Protein chains: 2
Amino acid sequence: MPAPAPRADREPLSRARVLDAAVVLADAEGLGALTMRRLAGELRCEAMSLYHHVADKNALLDGLAEVVVGEIAEACLDPGATAGSLDWRDVVRRRCLAARTVMHRHPWAPGLIAARSQPPPTVYPLFEALVATMVEGGCGYPLAHRAIHSLGSMLLGFTQELFEPAVDDEQARDEAAQDLAPTMPHLAHLAEVAVHEARGSLGICDTQAEFEFTLRLILDGLEAHRITR
Amino acid sequence: MPAPAPRADREPLSRARVLDAAVVLADAEGLGALTMRRLAGELRCEAMSLYHHVADKNALLDGLAEVVVGEIAEACLDPGATAGSLDWRDVVRRRCLAARTVMHRHPWAPGLIAARSQPPPTVYPLFEALVATMVEGGCGYPLAHRAIHSLGSMLLGFTQELFEPAVDDEQARDEAAQDLAPTMPHLAHLAEVAVHEARGSLGICDTQAEFEFTLRLILDGLEAHRITR
DNA sequence: ACCTGAACACCGTTCAAGT
DNA sequence: ACCTGAACACCGTTCAAGT
């Protein structure tokens, strides 16, 4: 009696399976090779089947950014990455180094994240942890806020306008901050402080001021190196 | 007698005209709208005509990166941007701010530059000027080299592995440095020093070390702010 | 020399039809 | 509910043909 014929039915598709396959494909052949048809081929289905799990290609790329930033956040939050660290700088430093190793595995990530208009929500746990570390280390919320901006390119590979809200309605912003409170208490507090400080201005973050702050940080650090050489 | 019919012949195409139109189109509608056919439409010619001036779409994007980085370099080198500056930090700071205003006009630029594997040659005059300013300000070449890396994201919008040569042949690298000498004396010297320091290692730049250097610069700067608050 | 029409292989996406 | 075949409009690119 012959062995039962190998069953041709695959594991059913799902958003997670589609996104995982997209990451594998982008890693292997770059974002250029990531087409709906090609991705479907890797999953042994037709291109049209993907549309049951992602709205369109743009949503696929959004999901991809979400996954890769989630991976970065996970690596940064791994307790092993920061075990034995004493001061806040050491913890933050090791987290940035962990982020870098993930980015190294996905060289297409910075370009992808930069092309999205908003950072994916999977950054929030990472920012929350960083702000917590800094605040517990004796930094105030305004300084922690600036630090997140300054470290943006070390964490995600490029400088970004963060938290730039689609809403310029102050009350809506306040409510958004409240929504964060249960799970992201430090971020919620940081946002509250920022909303208060930015009263009357256009955005919650003054990107020009953030840019100049980071710039001075770097230049002053270089000057210190020059003097002590 | 009727007025002469309006002559339908346009200014002949050229690489410069193609690239200029590409910048205008990307500014107006984003990189996504930049297709060969659409670009041709803007230039009132057929898509195939573009292939006489750029090899293919990839070459078009290379050219676009070249143009926009050239624009950044020009803005940074404008004497008006740095008039009246006293110390090297002030000069470098103002140049970075000038770069930012250009980037603001072309929000697609960082993503585009990041996607290219090499920075376009139009960065060299900018780097040359920055190194010159720093060296004249009392910085050594190794520090100036690190500064270029640290300031990468302030100048071009993202962190980049710079000068990563396709060749890992030390002699070829030395020769490349010599080629720079007539027009870019400081960069040539910087490259020579880097080649010497990197003797036996894989690349001319230790990107891990550069990353950690920038990271420490930022963290130490933040710590200084924390202490004096 | 410079431009173009027709053609090819490949995109993303819609829709009506299958199970 | 989940998947798909056929179809549409659009993409980059080649090539032989025009001027």
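Bear in mind the structure is a predicted one, so any value in this text is a computation, not a measurement. In what follows, every heavy atom counts, from backbone to side chain, and hydrogens, waters and symmetry copies are set aside. Just so it is clear: chains get the letters A, B, ... in the order the sequence lines come, proteins before strands, and each one is counted from 1.
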Do B:Thr214 and B:Arg146 have side-chain atoms, one donor and one acceptor, less than 3.5 Å apart? no
[X] has a side chain; which of [options] sits nearest to it?
X       : options              : value
B:Glu46 : D:dC3, C:dG5, D:dC11 : C:dG5
A:Lys57 : C:dT4, C:dT13, C:dC3 : C:dT13
A:Ala47 : C:dC3, C:dT13, C:dT4 : C:dT13
A:His52 : C:dC3, D:dG12, D:dC3 : D:dC3

So, OP1 or OP2 of D:dC2: does either fall under 4.0 Å of a side-chain N or O from A:His53?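 Result: no.
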Side-chain N or O of A:Tyr51 versus OP1/OP2 of C:dT14: is the shortest distance under 4.0 Å?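 Indeed not, no polar side-chain atom of A:Tyr51 lies that close.
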[X] has an atom [atom1]; how far is it from atom [atom2] of [N], in whole Å?
X       : N      : atom1 : atom2 : value
B:Leu31 : D:dG12 : CG    : C1'   : 16 Å
B:Leu13 : C:dA1  : CG    : P     : 17 Å
B:Met48 : D:dT13 : CE    : P     : 11 Å
B:Met36 : C:dT4  : CE    : P     : 14 Å
A:Leu43 : D:dT4  : CG    : C1'   : 15 Å
B:Arg44 : C:dT4  : CZ    : C1'   : 17 Å
B:Asp56 : D:dC11 : CG    : P     : 17 Å
A:Arg37 : D:dC11 : CZ    : P     : 15 Å

Under-4.0 Å salt bridge between B:Arg37 and B:Glu42: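 Judged by the 4.0 Å cut-off on N to carboxylate O distance, B:Arg37 and B:Glu42 do not form a salt bridge.
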Ring centroids only, cut at 6.0 angstrom: are A:Phe213 and A:His149 within range, meaning strictly under it? no
Is the CD atom of A:Glu74 crowded by more than 12 outside heavy atoms at less than 6.0 Å? no
Please step through salt bridge (Lys or Arg N to Asp or Glu O under 4.0 Å) for the pair A:Asp62 and A:Arg116, ending with a clear verdict. CA-CA 7 Å; A:Asp62 280 338; A:Arg116 314 282 91 204; 2.8 Å; yes
Looking at every strand, decide which applies to B:Thr35 at a 4.0 Å heavy-atom threshold: base, sugar-phosphate, or nothing.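 Sugar-phosphate: the residue B:Thr35, judged by heavy atoms under 4.0 Å, touches backbone atoms but no base.
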Can you name the closest pair of heavy atoms from B:Ala81 and B:Ala75 and give their distance? CB-O, 3.9 Å
From A:Tyr124 OH over to A:Leu180 CG, what is the distance, rounded to the nearest 0.5 angstrom?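 Output value for this atom pair is 6.5 Å.
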Quick one: stems involving DNA chain D, counted as three or more successive Watson-Crick or G-U pairs, both distances short of 3.5 Å. C:4-8 with D:12-16, C:12-16 with D:4-8
